[in-house]
Each structure stands twice: as structure tokens, then as C-alpha cells.
Asker: 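Quick one: structure below, then a few questions.
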Protein chains: 2
Amino acid sequence: MRTLGEPKRCEILRLVWVEELPATEIADHFPSVTRSAISQHLAVLRSVGLVNERREGTRRLYTANHAELARLRSFLDSFWTSSLDRLRDLAEADQRNQERA
Amino acid sequence: MRTLGEPKRCEILRLVWVEELPATEIADHFPSVTRSAISQHLAVLRSVGLVNERREGTRRLYTANHAELARLRSFLDSFWTSSLDRLRDLAEADQRNQERA
DNA sequence: CTCTAACGTAAGAGTCTGCTAACGTAGGGG
DNA sequence: CCCCTACGTTAGCAGACTCTTACGTTAGAG
């Protein structure tokens, strides 16, 4: 989550989401920063497994790891499901209190 | 997203997800840090609208803003839907190329 | 009115982060 | 073999972030 808190990394992931792209082409989408900066962002994304790397000659092709982002999505979903569990627990505790009274 | 990149803020949001809690009680869940630090985290969460504040005497009661987190969830979902759009666009472009050939 | 509990806030220290600039490396092309 | 392209990596810096300490404020109790 912290990884995608950085807007550029989020955008990079979006770029390689459906299409495999070489590092240079990714960097070209960010005229405001150096290719080096993008390379470092790619290293971070790779370190947390959000992208996969494939080498082809001197080029390195990147793809998004959909499964990893799916994990993040299900983590957010857990907020809602845990809320249901919690409400059920609260309701049960409340019922026990009423029975005791 | 960057806001929840901080683990403590994520945990705070979880605490106030189903239950309205006063600031002190939230801080008590984090023995490792000062109440001041938690107060500052609450300010950040409030500034991005992830929590709502209600005053009751000297106490301030916090609740999670479910709608705001739902926006984040749908943002992640947009990754998958946009991927479908993108694939459709690519397919159409490819088809035009074949027709031209 | 004084005291205390429950807060937020300001200032400063230490740490992390994202960036650039410079350099190193590996794989072709000629 | 030389050179160029496509990269990653390192060093260093400026700004952002998180934490603590100290202080200010407000509401209620006595």
C-alpha cells in the first residue's frame, strides 16, 4: 500500500497493467523526471512483487503482477467483512446483556 | 492511499471502523507511541476525510468514513475494468490493421 | 474560581524518500 | 575490437514524514 502511495509508481503499474513495456518506454511517459528515477521506482515495484521482469537482449520488459494487486483489493474488502463480524459480535454481546438483565 | 501507507493510521481506521471511539482510547491501543503522535495521525485521517469527528464535552469521538474508503476500493477495481477497456481498444486497433493489410 | 481530564498544536530532532548526476555493465552492430 | 544502446546502481542532497517534548485550550467537577 505504501508502495502505491507514490503517484508515479501507481501510474507505472497502470502502464504495464495490460501491456508489457521496456524500461525506456515507461520512462518516456514521465518527461518530468530522469530515467534513473523511474528505474528506482521499478526496483521498488519489483521488490514488493507488483511487477515481473523479463529480459530480452539488453532490454528489460515489465508486466504488472495482477495477483499481487488483487491481494491489496481483498485486504480492503476485509475492512467491510470484518465490520460485519464485529457488528455480529456486538449484537451477540448486547443480547447476552439483555438476557442477564 | 499514501495516507493508509502508514501502518498506524491503517490500524486506527480499523479501530474506528465499526465503533465510535474517543481519541484517548485510540491512543491507548498504541502503547509504543505518544498520544500526541496519535492525535497527529487523526488529524491526517481527518484532513483526507477518512474519519469523521464528533465533539462531546471535552472528548472527540472518531468514526471511519466508509464512503471514502469505498472510493479507494473502487479505484483499485478500475485497474481491472480499465484493463478490459484497453484490451478491447488493442483488439480493435489490431482488427483495423488487418483490414488495411 | 481552581483543578483536572481530554484534547490539539508548535517546534525541533532524527529518519526516510525521491530525485539528479555520474558511473558501471551487458548485449548487439559494424 | 570499438561503440552505442538500454539498462541498473551509487552517492549525495533537499524536502517530507513521524516522533517526542512542551505548551495552549476547553469543558466539567468540586
Side-chain angles (χ1 to χ4, degrees), chain A residues 1-65 68-69 72 75-76, chain B residues 1-65 68-69 72 75-76:
Chain A
M1 196 144 207
R2 165 167 274 166
T3 304
L4 296 181
E6 172 60 45
K8 292 194 187 62
R9 282 196 288 258
C10 207
E11 183 60 26
I12 289 175
L13 192 63
R14 198 177 275 284
L15 285 174
V16 299
W17 188 253
V18 291
E19 205 175 353
E20 193 179 41
L21 289 177
T24 302
E25 195 160 338
I26 294 171
D28 288 346
H29 279 82
F30 301 91
S32 56
V33 294
T34 320
R35 183 188 55 75
S36 172
I38 300 302
S39 183
Q40 290 173 55
H41 282 310
L42 284 170
V44 174
L45 286 167
R46 191 160 16 106
S47 74
V48 299
L50 277 167
V51 299
N52 305 317
E53 183 194 294
R54 185 170 68 89
R55 306 200 180 188
E56 194 181 84
T58 78
R59 299 193 310 168
R60 307 205 183 179
L61 301 159
Y62 290 94
T63 323
N65 184 350
E68 197 60 28
L69 193 57
L72 215 175
F75 168 74
L76 286 188
Chain B
M1 196 144 208
R2 166 167 274 167
T3 304
L4 295 181
E6 173 60 45
K8 294 194 186 60
R9 284 196 289 259
C10 206
E11 185 58 27
I12 288 175
L13 192 64
R14 198 176 274 284
L15 285 174
V16 298
W17 188 252
V18 291
E19 207 176 351
E20 193 179 41
L21 290 178
T24 302
E25 194 160 339
I26 295 171
D28 288 346
H29 279 81
F30 300 91
S32 55
V33 293
T34 318
R35 183 190 54 77
S36 174
I38 300 302
S39 183
Q40 290 173 54
H41 281 311
L42 284 168
V44 174
L45 285 167
R46 192 160 15 109
S47 74
V48 299
L50 277 167
V51 298
N52 304 316
E53 183 195 293
R54 185 171 66 90
R55 306 201 181 187
E56 194 181 83
T58 77
R59 300 194 310 167
R60 308 205 182 180
L61 301 159
Y62 290 94
T63 324
N65 184 350
E68 196 61 27
L69 194 56
L72 215 176
F75 169 73
L76 285 189

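Quick note on labels: first sequence line is chain A, next is B, and so on, each numbered from 1.
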Asker: Without decimals, in angstroms, what is the distance between A:E6 CD and C:dG18 C1'?
Answerer: 7 Å

Asker: Without decimals, in angstroms, what is the distance between B:L21 CG and C:dA6 P?
Answerer: 14 Å

Asker: If you apply the rule side chain to side chain contact (heavy atoms under 4.5 Å, CB included), what do you find for B:L69 with B:L4, and how did you get there?
Answerer: CA-CA 10 Å; B:L69 194 56; B:L4 295 181; 3.6 Å; yes

Asker: Excluding sequence neighbours, so at least two apart, what forms side chain to side chain contact (heavy atoms under 4.5 Å, CB included) with A:E25?
Answerer: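 Side chain to side chain contact (heavy atoms under 4.5 Å, CB included) check on A:E25 returns A:L21, A:P22.
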
Asker: Please report the interatomic distance CD1(A:I26) to CD(A:E19), rounded to the nearest 0.5 Å.
Answerer: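 Taking CD1 in A:I26 and CD in A:E19, the distance rounds to 10.0 Å.
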
Asker: OP1 or OP2 of D:dT18 versus the side-chain N and O atoms of B:R9: is any pair under 4.0 Å?
Answerer: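 Indeed, a polar side-chain atom of B:R9 lies that close.
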
Asker: Which ones in residues 33-40 of chain B lie close to DNA chain C, meaning a heavy atom under 4.0 Å from one of its atoms?
Answerer: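 Result for residues 33-40 of chain B: B:R35, B:S36, B:S39, B:Q40, sorted by number.
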
Asker: Please output the side-chain donor-acceptor pairs of residues 31-38 of chain A that fall under 3.5 Å, not counting sequence neighbours, one pair per line with the distance.
Answerer:
residue : atom : partner : partner atom : Å
A:S36   : OG   : A:Q40   : NE2          : 3.3

Asker: Check whether any side-chain N or O of A:Y62 sits under 4.0 Å from OP1 or OP2 of D:dG8, and answer yes or no.
Answerer: yes

Asker: Looking at every heavy atom in both A:N65 and A:G49, which two are closest together, and how far apart are they?
Answerer: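 Minimum heavy-atom contact is ND2-O, 3.0 Å.
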
Asker: Can you check the B:R54 CZ to C:dA6 P distance for me, whole Å?
Answerer: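 Going from CZ in B:R54 over to P in C:dA6 covers 16 Å.
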
Asker: Return the value, rounded to whole Å, for the distance between atom NZ of B:K8 and atom P of C:dC16.
Answerer: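 Spelled out: NZ on B:K8 to P on C:dC16 is 12 Å.
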
Asker: Could you check whether A:R55 gets within reach of a base, just the sugar-phosphate, or nothing at all, counting any heavy atom under 4.0 Å?
Answerer: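 Answer is nothing: A:R55 stays at 4.0 Å or more from every strand.
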
Asker: Can you tabulate the close N/O pairs, meaning under 3.5 Å, that link protein atoms to atoms of nucleotides 28-30 of chain D?
Answerer:
none

Asker: In whole Å, what is the span from the CG atom of B:L42 to the C1' atom of D:dT18?
Answerer: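 After rounding, the reported distance stands at 14 Å.
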
Asker: Can you list everything that forms a side chain to side chain contact (heavy atoms under 4.5 Å, CB included) with A:R60? Sequence neighbours excluded, please.
Answerer: A:E53, A:R55, A:Y62

Asker: Of all of residues 43-53 of chain A, which get a heavy atom below 4.0 angstrom from DNA chain C, listed by number?
Answerer: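 Residues of residues 43-53 of chain A that come under 4.0 Å of DNA chain C do not exist, since none gets that close.
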
Asker: Quick one: pull up CG in A:L13 and OG1 in A:T63 and give me the separation to the nearest 0.5 Å.
Answerer: 10.5 Å

Asker: Applying ring-ring contact (aromatic ring centres under 6.0 Å, His included), name anything that partners B:F75, two or more places apart in sequence or on another chain.
Answerer: B:F79

Asker: Taking salt bridge (charged side-chain N to carboxylate O under 4.0 Å, His left out) as the test, write out the residues that go with A:E11, two or more places apart.
Answerer: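 Listed in chain order: nothing, the list is empty.
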
Asker: Is any side-chain heavy atom of B:R9 closer than 4.5 Å to one of B:V51?
Answerer: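 They are not in side-chain contact.
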
Asker: Is A:H41 near enough to C:dT17 that one of its side-chain N or O atoms lies under 4.0 angstrom from OP1 or OP2?
Answerer: no

Asker: Nearest heavy-atom pair of B:A64 and B:N52: which atoms, and what distance?
Answerer: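 Shortest heavy-atom separation between B:A64 and B:N52 comes out as O-ND2, 4.1 Å.
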
Asker: Among residues at least two apart in sequence or on other chains, which ones pass side chain to side chain contact (heavy atoms under 4.5 Å, CB included) with B:S39?
Answerer: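 Not a single residue meets the side chain to side chain contact (heavy atoms under 4.5 Å, CB included) criterion with B:S39.
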
Asker: Of all of residues 25-32 of chain B, which get a heavy atom below 4.0 angstrom from DNA chain D, listed by number?
Answerer: B:S32

Asker: B:P7 versus A:M1: any side-chain heavy-atom pair under 4.5 Å?
Answerer: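 No - every pair of side-chain heavy atoms lies 4.5 Å or more apart.
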
